[in-house]
Every structure is written in C-alpha cells, then in structure tokens.
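Everything below concerns the one structure shown next.
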Amino acid sequence: MSRHVERFEPDPESPVYVYVQVADHIAGRIDSGELRPGARLPTERDLAVDYGVAVVTVRRAIAELRQRGLVHTVPVKGTFVQR
C-alpha cells in the first residue's frame, strides 16, 4: 500500500460523513486490487496521516469496512483485507 494517499480529499460540504468518505475510498482501493486480499492495512495513526483526518475518523472508517465485510481486525496484529 502506498504510504501517501494523493487522490483523497474529504468533502466537508458533502452530506456524507467524512469517515464514510474514507471507508468508500479504501473500499475502492480494495475493489481495484490496489489492496489485495490478506494485505495488512497501515496502523490507524498512519492512515490518519495519509488521509489527513483524525484517528477517530479512521477508527470509524475501519468499523464501517468491517460491517461491509471488506476487512477484519486481529487484536495486536492489525487490520487485514478479507480473503
């Protein structure tokens, strides 16, 4: 995974919450094959820096991705793209 996310700019004027915008962007990266099944996502802090958002926003985005069945989190190990 790229360490710098260039294509994402949250739209604060959008009626869609920023955490959903982040989740949608990551989901798009999964759908495109950029993030492959079994790949480990960067830490929440690293994603927050990459996306230019707060850590709590990333936590909510990851929770959204878990609800969609796109990722799973293993305590202490990290969050991984579903196989």
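Considering only heavy atoms from C-beta on, Leu47 stays 4.5 Å or farther from Val22 through its side chain.
Judged as a side chain to side chain contact (heavy atoms under 4.5 Å, CB included), and not counting sequence neighbours, the contacts of Arg83 are Pro37. For Tyr17, the side chain to side chain contact (heavy atoms under 4.5 Å, CB included) partners two or more places apart in sequence, or in a different chain, are Tyr19, Val20. Looking at residues two or more places apart in sequence or on another chain, you find a side chain to side chain contact (heavy atoms under 4.5 Å, CB included) between Val74 and His72, Lys77, Phe80. In this structure, Arg66 has no salt bridge (Lys or Arg N to Asp or Glu O under 4.0 Å) partners at least two apart in sequence or on a different chain.
Between Arg45 atom CZ and Asp50 atom CG the span is 14.0 Å, to the nearest 0.5 Å. Ile26 contributes atom CD1, which lies 6.0 Å from atom CG of Leu41 (distance to the nearest 0.5 angstrom). With rounding to the nearest 0.5 angstrom, the OG1 atom of Thr57 is 10.5 Å from the CD atom of Gln21.
Through side-chain heavy atoms spaced under 4.5 Å, either directly or across other Ile, Leu, Val, Met, Phe, Trp or Tyr residues, Val76 is tied to no other residue.
Of all the heavy atoms in Gln82 and Val71, the pair that sits closest is CG-N, 3.8 Å. Here the closest heavy-atom approach between residue Ala23 and residue Leu65 is recorded as O-CD2, 3.4 Å. Contact detail for Val53 and Pro10: the closest heavy-atom pair is CG1-CG, 4.4 Å.
Listed by first and then second residue, the salt bridge (charged side-chain N to carboxylate O under 4.0 Å, His left out) pairs involving residues 12-26 are Asp24-Arg68 (not counting sequence neighbours).
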